[in-house]
S.K.: 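Next up is a structure, given as structure tokens.
What you see is a predicted model; the values in this text were computed from it and never measured. Every chain is numbered from 1, with letters handed out A, B, ... down the list of sequences.
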Amino acid sequence: MPTFRAPRGTRDLLPADHVVFDRLLRTAADLATRYGYHPIETPLFEQTAVFERGIGEVTDVVEKELFRLAPRTEESESWTLRPEPTAGIVRAYVQHGMQTLPQPVKLTMTGPMFRYDRPQAGRYRQFWQFDVEAIGDPGPAVDAEIIELGHRFYAEVGVDGVEVLVNSIGDAACRPAYIAELVRYYRRHAASLPPTELDRLERNALRLLDSKDPAMADLNAAAPRITDHLCDACAAHFESMKAHLAALGVPYRVAPGLVRGLDYYTRTAFEFYVAGREGQQQALGGGGRYDGLVALLGGKPTPGIGFGLGLDRVMLVLAEQGGGAVGAPEGPLAVVVGADAEDTVARLRVATELRAAGLRVRAELGRRKLGRQLEAAGRDGAHFAVILGDELEGGQVQVRDLLAGTQRTVAVGDLARELARAEASHRHG
RNA sequence: GUGGCCUUAGCUCAAUCGGCAGAGCACUGGAUUGUGGCUCCAGAGGUUACGGGUUCGAGACCCGUAGGCCACCCCA
């Protein structure tokens, strides 16, 4: 019964979890660099209007999941913890005049996002995303390149069975007419619509296509498809994007029901999905094109595309698939131990010298007897124990090879060199 | 935001019909004083999530709260 615990929907990443987490961060950073993306950090919170205007007022994220900060005074502005990275990055793009840079501007950011919804495994109020955004390139080739990048991320971190779902949701030229037709279609069948679906029809008709209600299956299968109602420009974009994906060897599936939850998306929408696992948190990441967003946030009309990949869900799936989750934090190369409980000064001196030489060294500062110290060193995963004893008066210590069980006397001045040499011989043979 | 299941030591779990809260792992100490992994011994660790109720008596039954999980909503 701890007095305090992590807030609902948040969790502590303990050192053992961090081994996997670090690997994800390194892979993300390395991949983004290889593809020409530059790191950016935006604040964890923004003016609420950035999200309301950018994401859309009638989305679930804005209507019920915003993590609003309590105003400090009556007059103070409304701040909200970021629920997704794109709006903030686009705000920065506009604020710093990045339209004057060579286009596209390719940015990457990995960090925590916040949504105030009901927690479940793989769904947290604070969760981590690896995000990339390419702003200023209207062409379908960059869409394919970015999807391929996401696909490669999962491959490199070792997630099996990731499916790529793609769709086109049109643009301002063709989507309104399609939605009107969709509404007409469902209204004709209003009698067979469940009440909740009727309600969604009025709010956001595209969402009906996504319904998991079995009663909707036949109706949705026969519903007009957005991809049959794209304007010529959107249709050409979609075809070219798919051709590029195929040429890059990325396996994908067209998912006509994939509409995504944020209003700013246009044309390309995609999701990375892992099927067949326990629990419904199967969307590992997703993204799409947002050709209207820069203008919406006050910039001149500029196209953009990006994705966000959920690192928490990747860790979850890796653990389920039996990969990665195993991993103790890296232990020290050597532990400095001593026979005399009072010799902590000597232990620290030796350890400090070895650390200055660049070695990973833990000093045993407790009062445990030597046998226990060696036992702890072994469990730590240390390869060597440096044992301080009476020989120290003659400038010498014992170096015990904990893996081989051998031991030799070494002059203190030669310690760093000797440890490095012995470690090298472990590796080579 | 809606509905359901769950909560006993740091972790994984026992505790018969309502009758003295336990084990394994982990942790700490010891096995004739400076040598680990194995073994043996011992110790520490609990308001049985929290608050109320029923009862001679509650870990167990009832109500509420919190947290976790599952399904929705939606998404990462």
Side-chain angles (χ1 to χ4, degrees), chain A residues 1-11 14 16 55 58-65 82-86 110-131 150 194 196-197 199-200 203-204 207 210-214 258-262 269 271-274 278-287 307-317 335 337-341 343 364 366-392 397-407:
Chain A
M1 175 211 62
T3 308
F4 296 113
R5 53 182 163 194
R8 179 170 203 201
T10 71
R11 61 203 186 119
L14 304 181
I55 295 169
V58 293
T59 57
D60 271 43
V61 168
V62 167
E63 277 186 344
K64 56 178 213 186
E65 295 172 5
R82 64 189 187 193
E84 56 88 50
T86 307
T110 300
M113 307 297 153
F114 305 85
R115 287 184 204 175
Y116 194 84
D117 59 358
R118 194 148 156 181
Q120 258 178 58
R123 171 191 289 175
Y124 304 103
R125 289 181 172 181
Q126 175 178 333
F127 57 98
W128 282 73
Q129 277 193 2
F130 162 40
D131 184 82
T196 56
E197 303 294 343
D199 182 53
R200 296 165 85 193
R203 294 185 55 234
N204 193 340
R207 295 247 146 266
D210 230 1
S211 176
K212 286 168 196 147
D213 191 331
L258 175 62
V259 296
R260 310 280 306 156
L262 313 181
E271 226 164 71
F272 300 101
Y273 182 91
V274 57
E278 190 73 20
Q280 287 305 115
Q281 262 49 266
Q282 297 175 331
L284 296 189
F307 67 56
L309 310 188
L311 300 187
D312 305 85
R313 289 187 181 175
V314 169
M315 285 188 271
L316 198 67
V317 172
V335 176
V337 303
D340 176 2
D343 69 351
E364 173 69 54
R367 306 184 61 86
R368 294 187 286 194
K369 65 179 208 173
L370 186 56
R372 292 289 177 186
Q373 296 180 42
L374 289 170
E375 189 183 336
R379 271 183 314 208
D380 246 14
H383 292 184
F384 302 97
V386 176
I387 304 170
L388 309 190
D390 297 336
E391 311 91 318
L392 199 54
V397 297
Q398 301 287 327
V399 172
R400 182 168 183 81
D401 185 325
L402 293 170
L403 303 179
T406 58
Q407 189 166 318

S.K.: Rounded to the nearest angstrom, tell me the gap between atom CG in A:L316 and atom C1' in B:C69.
M.R.: 12 Å

S.K.: Please assess A:V61 against A:E84 for the test side-chain contact (heavy atoms from CB on, under 4.5 Å), listing each intermediate value before the final yes or no.
M.R.: CA-CA 9 Å; A:V61 168; A:E84 56 88 50; 5.6 Å; no

S.K.: Is the shortest side-chain heavy-atom distance between A:R313 and A:F127 below 4.5 Å?
M.R.: no

S.K.: If you measure from the P atom in B:G30 to the same atom in B:G34, how many Å do you get, rounded?
M.R.: 10 Å

S.K.: Between A:D312 (CG) and B:C69 (P), how many Å, whole number?
M.R.: 12 Å

S.K.: Judged by modelled atom types alone, do A:E391 and A:Q398 share a side-chain donor-acceptor pair under 3.5 Å?
M.R.: yes

S.K.: Which part of the nucleic acid, if any, lies within contact of A:G9, taking any heavy atom under 4.0 Å across all strands shown: a base, the sugar-phosphate backbone alone, or nothing?
M.R.: sugar-phosphate

S.K.: Between A:R82 (side chain only) and A:P112 (backbone N and O only), is there a donor and an acceptor less than 3.5 Å apart?
M.R.: yes

S.K.: Can a donor-acceptor pair under 3.5 Å be found between the side-chain atoms of A:R115 and the base atoms of B:C74?
M.R.: no

S.K.: Please step through side-chain contact (heavy atoms from CB on, under 4.5 Å) for the pair A:F307 and A:D131, ending with a clear verdict.
M.R.: CA-CA 6 Å; A:F307 67 56; A:D131 184 82; 5.6 Å; no

S.K.: Starting at atom CD of A:Q373, determine the distance to atom P of B:G29, rounded to an integer number of angstrom.
M.R.: 10 Å

S.K.: Under 4.0 Å between any heavy atoms, over every strand shown, what does A:Q407 touch: base, sugar-phosphate, or nothing? Just pick one.
M.R.: base

S.K.: Heavy atoms only, 4.0 Å cut-off, all strands: where does A:E391 land among base, sugar-phosphate and nothing?
M.R.: base

S.K.: Tell me: OH of A:Y124 to C1' of B:C69, nearest whole Å?
M.R.: 11 Å

S.K.: Does a nitrogen or oxygen in the side chain of A:R123 sit under 4.0 Å from OP1 or OP2 of B:A76?
M.R.: no

S.K.: Does any donor-acceptor pair link the side chain of A:E65 with the base of B:G1 at a separation under 3.5 Å?
M.R.: no

S.K.: Between P on B:A26 and CG on A:D380, what's the gap in Å once rounded to a whole number?
M.R.: 15 Å

S.K.: When you match A:G308 and A:D390 each to their closest nucleotide on RNA chain B, which lands nearer the 5' end?
M.R.: A:D390

S.K.: Rounding to an integer number of angstrom, what distance separates B:G1 and B:G24 when you compare their C1' atoms?
M.R.: 43 Å

S.K.: Under 4.0 Å between any heavy atoms, over every strand shown, what does A:G310 touch: base, sugar-phosphate, or nothing? Just pick one.
M.R.: sugar-phosphate

S.K.: What does nucleotides 37-45 of chain B look like as a protein-contact string, B for base, S for sugar-phosphate only, - for none, at under 4.0 angstrom between heavy atoms?
M.R.: B--------

S.K.: Check whether any side-chain nitrogen or oxygen of A:K369 sits under 4.0 Å from OP1 or OP2 of B:A31, and answer yes or no.
M.R.: yes

S.K.: Specify the separation, in whole Å, of atom CG of A:D343 and atom C1' of B:G34.
M.R.: 12 Å

S.K.: Go through B:A76, B:C69, B:G36 for me and flag the one nearest to the A:A121 side chain.
M.R.: B:C69

S.K.: By nearest nucleotide on RNA chain B, pick out whichever of A:V259 and A:R8 is the more 5' one.
M.R.: A:R8

S.K.: For residues A:R400 and A:I387, determine if any side-chain heavy atom of one lies less than 4.5 Å from a side-chain heavy atom of the other.
M.R.: yes

S.K.: What is the nucleic acid contact for A:G389, judged by heavy atoms within less than 4.0 Å: base, sugar-phosphate only, or nothing?
M.R.: base

S.K.: Given Watson-Crick or G-U pairs with both distances under 3.5 Å, what dot-bracket string fits RNA chain B, with | for other-strand pairs and [ ] for crossing?
M.R.: (((((((..((((.....[..)))).(((((.......))))).....(((((..]....))))))))))))....

S.K.: If the cut-off is 4.0 Å, is A:Q120 near the phosphate of B:A71, judged by side-chain N/O to OP1 or OP2?
M.R.: yes

S.K.: Within the modelled atom types, does a donor on one side and an acceptor on the other bring the side chain of A:K64 and the base of B:C73 under 3.5 Å apart?
M.R.: yes

S.K.: Between A:R368 and B:U28, is there a contact of a side-chain N or O with OP1 or OP2 at under 4.0 Å?
M.R.: yes

S.K.: Within less than 4.0 Å of OP1 or OP2 of B:A71, is there a side-chain N or O belonging to A:R118?
M.R.: no

S.K.: Taking CD from A:E271 and P from B:C74, how many angstroms apart are they, rounded to a whole number?
M.R.: 13 Å

S.K.: Nearest to the A:D60 side chain among B:C74, B:A76, B:G34, which nucleotide is it?
M.R.: B:C74

